[in-house]
Each structure stands twice: as structure tokens, then as C-alpha cells.
Trainee: 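Here you go, one structure.
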Protein chains: 2
Amino acid sequence: MALMELKEAKDKFIHTWGTLATQWGINRTMAQIHALLLLSPRSMNADEIMADLQISRGNVNMNLRDLMDWGLIYKQLLPGERKEFFIAEKDIWKVAKQIAKERRRREIGPLIEAMEDLKEGIQPDTEEKEEFLKIVNEISKVSVFADNTMTSLLKSDENWLLNNFIKVFNK
Amino acid sequence: MALMELKEAKDKFIHTWGTLATQWGINRTMAQIHALLLLSPRSMNADEIMADLQISRGNVNMNLRDLMDWGLIYKQLLPGERKEFFIAEKDIWKVAKQIAKERRRREIGPLIEAMEDLKEGIQPDTEEKEEFLKIVNEISKVSVFADNTMTSLLKSDENWLLNNFIKVFNK
DNA sequence: AAAAACTTTCAGAATATTTTGAAAATTCAA
DNA sequence: TTGAATTTTCAAAATATTCTGAAAGTTTTT
């Protein structure tokens, strides 16, 4: 890409972040607000975000709440200000961990639960039922494994250690 | 959940798989066809899938192709049959790896590329631009790390080794 | 207590995604 | 070849998701 001015690059960042997000099952506007706050050196209020991204108040409000649920932004009450201000977590490692954590909770958790339910509902008293349970059990095992792996990665704040482990594995 | 008959359990499995899939940004019908084939002891053709899930031919055709792109099902040409038959990969570890691989490719790849583009477009000749590049660089680092981690996990066919590593980490 | 400042809600509108099904294209047997 | 069987395409319809903006709710100031 050719040389860009800062404003242009920031817009591209916000736009790109929004587009990629839809590919990961995240709402585009939520991602754009997140990107905007990530790039903003100071906290912003709803009106500023509305003006910046040209979106409605309701939309901003809803997505700010979602972003807080995801643990990606914080509410900041400034002295002497009635309005609420929002600031993004700037430590990208924390951001990544937060996203991974949330996705683990939303994507793997329900899968494990659903498989447990199925296991409990079926008595393996025929060949067919055994076949079925075999698959359910396998999925159960794999999802518990994925869950554990995620948890481990998230717990390891010593990234260098993990990093080294990974490098060895790559050889 | 109370005791279920096999048919009921299979339907629940297919339904659940479809619902969960939408939460991970995957098309519901694609997931249902996948679930149906996972549970089917024999390969199925388009007409059978249409009848089973009550969906149109076009829909079945499109999603079968997507499932093949994901590497989750295979086309099977049976001798003496004009119709194409499809069979799912039954090894759940392979399925999980395939899904992880595909998501890595679709979700992390474009992110890395986008950040590289931004880095190239900006000259760090002002304080502001340096700030911006710092964030882009951080995201770049984190996504390359995530990419490597995924790759390592995928390469390790010796699951026991990884499993042990993970257990140690959990202590 | 009233009013002003601000946030939240939610029904309807706008947009995006998925699905249908008939027509076009392809494959294969005769 | 021809034509029957099968697969693929794609425009329009159905469905699902997201967004708007005005009204309702809340908090703070006077």
C-alpha cells in the first residue's frame, strides 16, 4: 500500500477491524467502536462516538454495553462531567486474552454442556446407541481438551515460557 | 435430561450442532448437514439430505461444497451409482484440527495481512504516528503469536505430549 | 419538587444473510 | 449424437440481524 496520512490510516484500521470482526461472528459496529477507542488517546463519550462513526445513539449505547461485557472497554467517570466516558484496554496482550476467554466461554462451554446432556439421555443398550454415544463421547473429550488448552494458555502470564515451548514444537 | 430414544437424541444432536454453529459464525444448515453425516453410518446423497432436513436442493448443494472446502466431508463415488454420495470425516480429532486450521486461516491470516499493510503505509515521523504504529505493531505481534500457537498445536499429532504439558500448566 | 442532562429501551425500518426452486449446465448411457 | 439423470447457478423470496430515533427511564442540579 502507498504512503498514507494518519487520519487515513486510522480510518482504514477502524474499517478493517470492523470487516474482520464480522468474519469472527462479532458485530461490525461493536468492532468499529472498539477500534476507535483503541486508537483514541483519551476516553470518549457517546456523542463523540456517534459523530465519529455516524451511527445512532441506541446503536452506540448497546455496543458500548456489549464491549463492557466482553471486558474490552471501561467506563470512566470524569470529575465535573455528567456524561459517561469510555476508554479501551490498551494492553493488546490483555485484549487478546480477554477475547480468547470470552470465546472459550461462549463457544466451548455450551458444546460441553450439550454433549453431557446427550450422554445422560441415552442408555447404551443397543449397537446403534453405542455408535451414537461413541461420537458424542469423542466430541465431549475433544471439547474438554480444547477448553483445558485454552485455560492453560490464558493462565500462563509468563508468555516467554509458552513462547519457548512453542518454538521447540515448531522445529 | 430424561431418557431419550435414539431418533430423538440424533435430532437433538443435529439441532444443537446447528444452533451452536451460528454462535461461532458458521451457517446453521452447513452445521446440520455436517451433524447428519457425522451420525450417518453410511454415505448419503443430496436427495436423502434434502428429505432428512427438509431443505432445498440448492441449499444442500451449496453447503455440501462448503463442507468439502472445510475438509469436513468427502465425496464418494459409488460403483453403479450416478448420484454423488457424501461421507463425513469420523475421526473427531481430525475434525477438530480441520476446524481449527480453517479458522486460523480465515480469522488470523487476514488480520496479520491487514496490520502489515498499515505498517508499510505510515512513516513514524511524528509522535502521533508513532503512537498509532505502536498499537498496530502490538496487534501484529499478538496475531503472529496466536498463529504460531495454533500451528504448533495442529502439528503435534502426539496429543499425549501436549496433554501432559497442559496438565502441568494447570497445577 | 421540578427541570435539565443524560442513558436506556424497543418497535419498526433498514440491511444482510440464507434459502428456494426453476432454469442452465454438465455428465453419462445408449 | 440424443436425451435422461444429475449437479450447479442465481435471481427473487424468506428470514435473521442490526440500526434508528423517539419515548421512557434515570440521575443530578437547581
Side-chain angles (χ1 to χ4, degrees), chain A residues 14-37 43-70 72-87 106-107, chain B residues 14-37 43-70 72-87 106-107:
Chain A
I14 291 169
H15 178 264
T16 304
W17 200 251
T19 306
L20 289 176
T22 57
Q23 298 218 305
W24 332 329
I26 289 170
N27 176 289
R28 199 186 52 192
T29 305
M30 174 172 150
Q32 286 184 342
I33 295 177
H34 183 224
L36 178 63
L37 290 175
S43 57
M44 298 177 76
N45 63 42
D47 289 281
E48 290 169 338
I49 297 170
M50 284 169 68
D52 229 307
L53 299 179
Q54 294 287 313
I55 56 181
S56 73
R57 184 176 302 284
N59 199 3
V60 168
N61 184 270
M62 158 169 241
N63 283 297
L64 283 174
R65 276 185 296 109
D66 283 351
L67 281 166
M68 284 193 287
D69 285 348
W70 276 75
L72 297 175
I73 65 172
Y74 312 112
K75 193 182 280 190
Q76 214 177 38
L77 293 174
L78 298 183
E81 283 279 7
R82 289 272 301 266
K83 288 189 169 119
E84 294 176 334
F85 284 72
F86 299 88
I87 190 159
R106 289 167 197 240
E107 298 181 3
Chain B
I14 291 168
H15 177 264
T16 303
W17 200 249
T19 305
L20 290 176
T22 58
Q23 298 219 302
W24 329 331
I26 289 170
N27 177 288
R28 198 184 54 192
T29 305
M30 175 172 147
Q32 286 183 342
I33 294 176
H34 182 223
L36 177 63
L37 289 175
S43 57
M44 298 177 75
N45 62 42
D47 289 282
E48 290 168 338
I49 297 170
M50 285 168 68
D52 229 305
L53 299 179
Q54 294 289 312
I55 55 182
S56 73
R57 182 176 303 284
N59 200 4
V60 167
N61 184 270
M62 155 169 245
N63 283 298
L64 283 173
R65 274 184 300 110
D66 284 351
L67 281 165
M68 284 192 288
D69 285 348
W70 276 74
L72 296 176
I73 65 172
Y74 312 112
K75 192 183 279 190
Q76 214 178 39
L77 293 175
L78 298 183
E81 283 279 6
R82 285 278 296 270
K83 288 189 169 118
E84 294 175 335
F85 285 71
F86 299 88
I87 190 159
R106 289 167 196 239
E107 299 181 2

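Naming: A, B, ... by sequence-line order, numbering from 1 per chain. Keep in mind that this is a model prediction, so the values were computed, not measured. As a basis for the values below, the full set of heavy atoms in this structure was taken, side chains included, without hydrogen atoms, waters or symmetry mates.
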Trainee: Identify, between A/R28 and B/Q54, the residue whose nearest nucleotide on DNA chain C lies closer to the 5' end.
Mentor: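 So the residue in question is A/R28.
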Trainee: Taking B/N61 for its side chain and B/R57 for its backbone only, find out whether a donor-acceptor pair lies under 3.5 Å.
Mentor: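 A pair under 3.5 Å: no.
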Trainee: In whole angstroms, how far is the C1' atom of D/dA16 from the CD1 atom of B/I26?
Mentor: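 After rounding, the reported distance stands at 18 Å.
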Trainee: For the pair A/W24 and A/W17, name the ring-plane relationship: parallel under 30°, tilted 30 to 60°, perpendicular over 60°.
Mentor: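 Rings of A/W24 and A/W17: perpendicular, as their planes differ by over 60°.
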Trainee: For D/dT7, take OP1 and OP2 only and decide whether either is under 4.0 Å from a side-chain N or O of B/N61.
Mentor: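 No, B/N61 has no side-chain N/O under 4.0 Å of OP1/OP2 on D/dT7.
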Trainee: Less than 4.0 angstrom between a side-chain N/O of A/N27 and OP1 or OP2 of D/dC19, yes or no?
Mentor: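 Result: yes.
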Trainee: Do you know which two heavy atoms are closest between A/Q23 and B/E107, and how far apart they sit?
Mentor: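 Residues A/Q23 and B/E107, closest heavy atoms: O-OE2, 4.1 Å.
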Trainee: Side-chain N or O of A/R65 versus OP1/OP2 of C/dT9: is the shortest distance under 4.0 Å?
Mentor: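 Yes, because at least one side-chain N or O of A/R65 sits under 4.0 Å from OP1 or OP2 of C/dT9.
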Trainee: For the side chain of A/K75, starting at C-beta, report the closest nucleotide among C/dC6, C/dT8, D/dT6.
Mentor: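 It is C/dT8.
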Trainee: Is the phosphate of D/dC19, meaning OP1 or OP2, less than 4.0 Å from a side-chain N or O of A/T29?
Mentor: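 Looking at the OP1 and OP2 atoms of D/dC19, one of them is under 4.0 Å from a side-chain N or O of A/T29.
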Trainee: Give a yes or no on whether a donor-acceptor pair under 3.5 Å exists between the nucleobase atoms of C/dT27, that is its base, and the side chain of B/R82.
Mentor: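 Checked by distance alone, the answer is yes.
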Trainee: Within the pair A/N59 and D/dG21, is there a side-chain N or O less than 4.0 Å away from OP1 or OP2?
Mentor: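 So the side-chain polar atoms of A/N59 never come under 4.0 Å of the phosphate oxygens OP1 or OP2 of D/dG21.
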Trainee: What do you reckon, is CE of B/M50 surrounded by more than 12 foreign heavy atoms closer than 6.0 Å?
Mentor: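 Count over threshold, so yes.
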Trainee: For the pair made of CZ in B/R57 and C1' in C/dA23, what is the distance, rounded to whole Å?
Mentor: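 The answer, rounded to whole Å, is 13 Å.
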Trainee: In whole angstrom, what separates A/F85's CZ from C/dC6's C1'?
Mentor: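 Roughly 12 Å, once rounded to whole Å.
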